[in-house]
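The structure displayed is predicted, hence computed values, not measured ones.
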Amino acid sequence: MSENVVHLYKDPDEPPEAGQGPTVLTVVPDAPEAPVEAASVVPLWVRTGRTVRQAVTHEHTKAAARAAVRHSLYVVGGGRIVARRTLDARTPARYERMLRAAEAAGNYEVAAEWEERGQRFRDARHRRRMDLLTSPIDAAKTALVGTGLGMGGLVGLGVALALATKDPVDVITPLAAVIGLISLLVTIVMVVWGPLLTLGPFLALLGLWSVGRRQQAAPAWTLPANARGSEGEPITPSIVVKALHDLGVSTLRKAIKEMGDAGAAMLGPIRIAGCGVEVDVTLPSGVSTIEVQNRRRKLAENLTRHEHEVFITIPEAARTVRLWVADSGALDEPIGPSPLVTDETMTADYVKGRAPWGQDLRGDAAELSLYQRHTLITGRSNQGKTAALRALALWLALDRSVQFWLGDLKGIGDWKMFDGIADVLIQGPTDDHVIEVTEMAEAAVDEMNRRMEVRRTNPDAVFRTLIVIVDEAQVAFMCPVKGKDKRPYGGSSSTSRYFMATRKLHNQGRAVDVLLWQGTQDPTDQNLPKLVREGAHTRASLVVGTESQSRMALGDKAVDDGAAPHLLRQGLDKGTLVVASDGITMPAGQSSITVRTHFIDDDEAEKIAERAKALRSGVTTLRAVEQGEERDALADIATVLGDAARVLTADVLKRLTVLDADVYGDWTPGDLKRVLEAAGAEPYKSDGRMVVGRDRVHRALANRDDSGSASAAD
């Protein structure tokens with residue numbers, strides 16, 4: 001149903017009151033008798049104001065306004081550029097600028113060369129000015145001589161022409177021709193001069209506009225979206241000094257003004273560093289490094305960069321900040337595949353090797369030593385924590401001497417490729433899985449203690465490296481479940497089973513190569529207790545929410561020296577880690593380094609895992625079992641033996657404990673011997689040590705009567 005709008009005043013005989021517009025009535029033709037609701041009465045000035053506001057805020061209006069301002073400022077900017085070019089051509093300003101830039105960069109040979117060029121320019125300018133004093137006299141003499149010679153030449157030409165034609169009038173013919181030509185030129189000038197005077201200013205403005213347009217001499221907000229570009233200005237000494245001058249630190253600004261070299265003495269050499277440049281800035285007395293660090297965003301914008309493209313660290317030199325400035329947009333480019341993917345012949349060496357983890361900001365390979373270092377990686381969810389931790393484990397899996405016990409408390413298959421590599425693989429987020437992971441950590445403590453006992457009697461004893469990995473460890477720390485002994489599995493008290501197991505591993509594990517790697521989300525005192533996070537030798541953090549979380553992840557010193565994972569971009573800086581570790585090479589004086597890690601997807605990880613399995617002689621991976629399940633001891637012994645022909649009785653007990661600590665945790669060699677002798681598969685000596693034979697156990701399983709199956713409950 002269509003509507004018509006009719007504009008009426010309340011009373012046709014009375015004019016409207018001041019400021020009151022006509023009343024707008026909505027008339028519905030299909031129902032003329034219908035009363036008009038009060039809500040339908042809207043003053044016309046209100047409707048007009050809305051229309052005007054919509055017109056002003058419309059995108060086309062904004063674009064037109066920007067275009068008008070832009071083209072106007074092209075003329076202004078073009079005039080400024082032409083004036084500067086003229087100044088450079090007429091004065092030694094250009095040489096002075098280049099001289100100051102060379103001095104600021106510390107290139108004094110080039111500075112001397114520019115000073116010499118400037119002096120030559122001044123000498124030449126002086127000679128030109130002296131020549132101007134005598135040029136009017138010389139010009140007059142030249143004009144008189146030229147005129148005389150010209151007149152004489154024309155008369156001579158006329159005489160020759162008259163003799164040839166026998167007509168005396170031809171004597172003045174050449175002179176008359178020249179006078180006619182001059183008259184024609186004067187006529188042409190008189191005709192053209194008027195329009196030229198009228199069009200001249202417009203042509204000059206057009207020229208200035210053209211220069212300004214080519215140089216984009218207008219504010220960025222006035223430029224079209226496709227012309228604004230993302231390329232930042234090259235980093236030069238003058239730009240760095242100006243950025244520091246405009247930083248908002250009054251002491252720094254005054255010091256720069258008072259410096260005779262315009263602040264150049266503050267700067268060290270600007271060095272190319274990977275996908276950016278690096279420069280050390282020695283701050284004037286009275287300016288603290290923290291004042292510059294706290295203004296990172298403003299400094300980045302002064303350098304025409306985004307905040308994430310400028311990193312500020314504190315080197316060893318006192319009162320010095322080190323600026324690393326990325327090329328505009330360079331950090332958003334991928335870094336390429338991992339060498340683990342591209343080099344199928346790569347192997348690992350736990351003791352002497354370094355894991356290829358990614359690239360630092362300089363573009364150099366970032367390689368991490370894992371030898372006797374507990375590791376902690378933290379960060380927000382879905383930012384690449386598991387991928388970074390898994391990349392280290394995949395490399396180390398190529399060393400066949402390394403064992404893995406692995407608990408994935410996310411349980412979505414991120415670590416499934418370690419089935420057949422890890423001796424223990426627990427996957428799942430439930431409380432039962434936390435219990436299994438806790439018992440795995442406690443079994444690692446028992447193994448550590450056993451190795452310590454062996455080391456006391458045999459200082460030269462060598463053990464296989466055992467890496468205990470717990471991904472999503474915050475699930476274990478926050479688990480509320482308590483065991484039969486009323487001790488909680490989670491928490492950070494002295495009765496917490498998981499907490500105490502991690503503390504014991506941190507305290508003595510590295511001495512006998514039992515190492516703990518943990519990955520956890522946003523660190524807090526609740527999901528990552530202080531004693532645990534400070535026990536890690538290698539600490540790395542992806543993006544986190546706050547500076548306090550950065551301190552929890554990396555420690556106070558790293559953050560005080562410039563580490564800032566809380567300033568990384570959520571989602572955009574996936575896989576970018578800030579690492580604090582003595583296992584990675586970093587510039588002298590720095591306590592942390594930023595690493596862009598290689599991403600290895602699940603398919604590539606499976607291929608690397610297959611290469612690792614091919615290096616190993618077959619590993620039987622133990623998995624989590626349902627709590628309360630009745631155990632078949634002989635069958636469990638066969639399971640933990642795997643494909644090995646024989647296994648030491650001590651190792652069988654250890655594997656059984658990992659399989660089910662509640663059932664087998666208190667077993668002694670006598671208990672194991674009792675079960676095996678009852679089944680007819682008793683242990684025997686091999687090379688002077690008691691072992692359990694796989695063939696005997698499998699034969700006993702095949703021959704036993706189903707009703708006589710030995711169970712752990714017996």
When rounded to the nearest 0.5 angstrom, what distance separates [atom1] in [X] from [atom2] in [Y]?
X    : Y    : atom1 : atom2 : value
I312 : R295 : CD1   : CZ    : 11.0 Å
I235 : I270 : CD1   : CD1   : 7.5 Å
L577 : L542 : CG    : CG    : 4.0 Å
M500 : S493 : CE    : OG    : 9.0 Å
D364 : Q359 : CG    : CD    : 8.0 Å
H306 : R569 : NE2   : CZ    : 8.0 Å

Is it the case that the side chain of [X] and the backbone of [Y] share a donor-acceptor pair, with hydrogens and angles ignored and the cut-off at 3.5 Å?
X    : Y    : answer
R503 : L531 : yes
N527 : T524 : yes
Q549 : G545 : yes
T502 : F499 : yes
H566 : V544 : no
R611 : T345 : no
R319 : T282 : no
T438 : Y489 : no
T597 : G575 : yes
S238 : T236 : no

- Message: If you apply the rule side chain to side chain contact (heavy atoms under 4.5 Å, CB included), what do you find for I426 with L406, and how did you get there?
- Response: CA-CA 6 Å; I426 302 168; L406 206 156; over 6 Å; no
N-O pairing of [X] and [Y] below 4.0 Å:
X    : Y    : answer
R533 : D525 : yes
R373 : D582 : yes
D573 : R596 : no
R551 : E547 : yes
R451 : E447 : yes
D602 : R390 : yes
D414 : K410 : yes

- More than 12 non-hydrogen atoms from neighbouring residues, nucleotides or ligands closer than 6.0 Å to CD on E115, yes or no? no
- Counting only heavy atoms not in R297, do more than 12 fall under 6.0 Å of its CZ? no
Heavy-atom closest contact ([X] atom, [Y] atom, distance):
X    : Y    : value
Q521 : E472 : NE2-OE1, 3.3 Å
M552 : R539 : O-NH2, 2.7 Å
L392 : A355 : CD2-CB, 3.8 Å
A243 : L303 : CB-CD2, 3.6 Å
L505 : H374 : O-NE2, 3.2 Å
D246 : N302 : O-ND2, 3.4 Å

Student check: side-chain heavy atoms of [X] and [Y] closer than 4.5 Å:
X    : Y    : result
Q518 : L516 : yes
V277 : W324 : no
T375 : I377 : yes
I584 : V595 : yes
D513 : F463 : no
V402 : R464 : no
Y498 : V437 : yes
H598 : P339 : yes

- For R380 and Q570, run side-chain hydrogen bond (donor to acceptor under 3.5 Å, both in side chains): C-alpha distance rounded to whole Å, both residues' side-chain angles, the deciding distance at 0.1 Å, then the answer. CA-CA 8 Å; R380 283 183 171 176; Q570 174 91 11; 3.0 Å; yes
- Query: side chain to side chain contact (heavy atoms under 4.5 Å, CB included) with L376: which of T538, L528, L554?
  - Reply: L528
- Item | Worked check of side chain to side chain contact (heavy atoms under 4.5 Å, CB included) between H245 and K257 | CA-CA 9 Å; H245 176 274; K257 286 183 178 180; 3.6 Å; yes
- Item | side chain to side chain contact (heavy atoms under 4.5 Å, CB included) assessment of T585 paired with E367 | CA-CA 8 Å; T585 303; E367 299 178 330; over 6 Å; no
- Task: Give the C-alpha distance, both sets of side-chain angles, the deciding distance and a yes or no for side-chain hydrogen bond (donor to acceptor under 3.5 Å, both in side chains) between D471 and T386.
- Result: CA-CA 7 Å; D471 195 9; T386 296; 2.8 Å; yes
- Can you say whether the rings of W415 and F418 are parallel (under 30°), tilted (30 to 60°) or perpendicular (over 60°)? tilted
- Message: Taking the six-membered ring of F311 as reference, does the cationic atom of R296 (NZ for Lys, CZ for Arg) lie under 6.0 Å from its centre and within 45° of its axis?
- Response: yes
- Stepwise side chain to side chain contact (heavy atoms under 4.5 Å, CB included) test for R322 and V281: CA-CA 6 Å; R322 178 169 293 161; V281 181; over 6 Å; no
